[in-house]
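Take a look at the structure below.
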Amino acid sequence: MIQQTTFSLAPKRRGCHLVTNEILANLPAPMPETGLLNLFVQHTSCALSINENADPDVRTDMEEILNHVVRENESYYQHVFEGADDMPAHAKSSLFGVSLSIPITHGRLNLGTWQGIYLCEFRNHGGSRRIVATVIS
């Protein structure tokens, strides 16, 4: 069986944000005993990732690393109409990816002890982000 729902996450400032609980609150209930959750963000300037869910310094450090790897205002950027943060946001989105697959075991997401779902917002003002969640059982 396949269930699918689309919902929006609340707008976030630029950075990496732990959104596991916001995702869980929008998933179909009950979850299957075993299955797979696919999450897909319908935007080209943010990403989804799984990373450390305990120490908030990890989220801050990830933002700093990304800004070091993909810098704003590079002279070779041609796509500059939407602001200095736009082309770097597209590049970061491609590097991280727009979808995740997470196993479902015993009716729960089978994340590791210290794993959480991140929305990585790469725009200064990205707005709310639409997520398509597909549960396969």
Checklist entry - Do the side chains of Val19 and Ile131 get nearer than 4.5 Å, heavy atoms only? => result no
Item to check | Partners passing salt bridge (Lys or Arg N to Asp or Glu O under 4.0 Å) against Glu74 (at least two apart in sequence or in another chain) | outcome: none
Checklist entry - Is there a donor-acceptor pair closer than 3.5 Å between any side-chain N or O of Tyr118 and the backbone N or O of Glu52? => result yes
Item to check | Leu111 reachable from Ile136 in the ILVMFWY side-chain graph, under 4.5 Å edges | outcome: no
Checklist entry - So do Lys12 and Arg129 actually touch side chain to side chain, heavy atoms under 4.5 Å? => result no
Checklist entry - CG/Leu66 to SG/Cys120 distance, rounded to the nearest 0.5 angstrom? => result 7.0 Å
Checklist entry - Would Thr6 and Gln42 count as a side chain to side chain contact (heavy atoms under 4.5 Å, CB included) if you check the C-alpha gap in whole Å, the side-chain angles of each, and the deciding distance to 0.1 Å? => result CA-CA 10 Å; Thr6 302; Gln42 295 181 305; 4.2 Å; yes
Item to check | Close side-chain approach of Ser99 to Asn38, heavy-atom, < 4.5 Å | outcome: yes
Checklist entry - In this structure, are over 12 heavy atoms from other groups packed under 6.0 Å from His79 atom NE2? => result yes
Next on the checklist: What's the separation between atom CG in Asp57 and atom CE in Met62, rounded to the nearest 0.5 Å?
Outcome noted: 13.5 Å
Next on the checklist: Please verify the inter-ring angle class for Phe122 with Phe96; under 30° counts as parallel, over 60° as perpendicular, anything in between as tilted.
Outcome noted: perpendicular
Checklist entry - Say you draw a straight line from CG of Leu27 to OG1 of Thr5; how long is it, rounded to the nearest 0.5 Å? => result 8.0 Å
Item to check | Side-chain donor/acceptor of Gln115 to backbone N/O of Gly112, under 3.5 Å | outcome: yes
Checklist entry - Between Val132 and Leu39, is a side chain to side chain contact (heavy atoms under 4.5 Å, CB included) present by the stated rule, with each step listed? => result CA-CA 6 Å; Val132 178; Leu39 298 171; over 6 Å; no
Next on the checklist: Any donor-acceptor pair under 3.5 Å linking the side-chain atoms of His90 with those of Thr44?
Outcome noted: yes
Checklist entry - Counting N and O atoms only, with roles assigned by atom type, does the side chain of Thr20 sit under 3.5 Å from a partner on the main chain of Ile117, one being a donor and the other an acceptor? => result yes
Next on the checklist: In this structure, would Leu95 and Ile65 fall into the same cluster of hydrophobic residues linked by side-chain contacts under 4.5 Å?
Outcome noted: yes
Next on the checklist: Donor-acceptor check, side chain of His43 to backbone of Arg130, threshold 3.5 angstrom: yes or no?
Outcome noted: yes
Next on the checklist: For the OH atom of Tyr76 and the CE atom of Met87, what is their distance to the nearest 0.5 Å?
Outcome noted: 9.0 Å
Checklist entry - Is the closest side-chain donor-acceptor distance between His17 and Glu121 under 3.5 Å? => result no
Checklist entry - Distance-only, no hydrogens or angles: does the Asn67 side chain make a donor-acceptor pair with backbone N or O of Glu63 under 3.5 Å? => result yes
Next on the checklist: Is any side-chain heavy atom of Leu48 closer than 4.5 Å to one of Leu119?
Outcome noted: yes
Item to check | Beyond-backbone contact of Leu36 with Ile102, side-chain heavy atoms, under 4.5 angstrom | outcome: no
Item to check | Euclidean distance, Asn26 CG relative to Leu9 CG, rounded to 0.5 Å | outcome: 7.0 Å
Checklist entry - Asp85 side chain to Asn124 main-chain N or O, any donor-acceptor pair under 3.5 Å? => result yes
Checklist entry - Is any NZ, NE, NH1 or NH2 atom of the basic residue among Arg14 and Glu72 found under 4.0 Å from an Asp or Glu carboxylate oxygen of the other? => result yes
Checklist entry - Do Val135 and Met1 have side-chain heavy atoms sitting under 4.5 Å apart? => result no
Checklist entry - Hey, what do you get for CG (Asn53) to CG (Leu18), rounding to the nearest 0.5 Å? => result 6.0 Å
Next on the checklist: Minimum heavy-atom separation for Met31 and Gly107, please, with both atom names.
Outcome noted: CB-O, 3.3 Å
Checklist entry - Do Leu37 and Leu109 come close enough that some side-chain heavy atom pair is under 4.5 Å? => result yes
Item to check | Main-chain N/O of Cys46 paired with Ser93 side-chain donor or acceptor, under 3.5 Å | outcome: yes
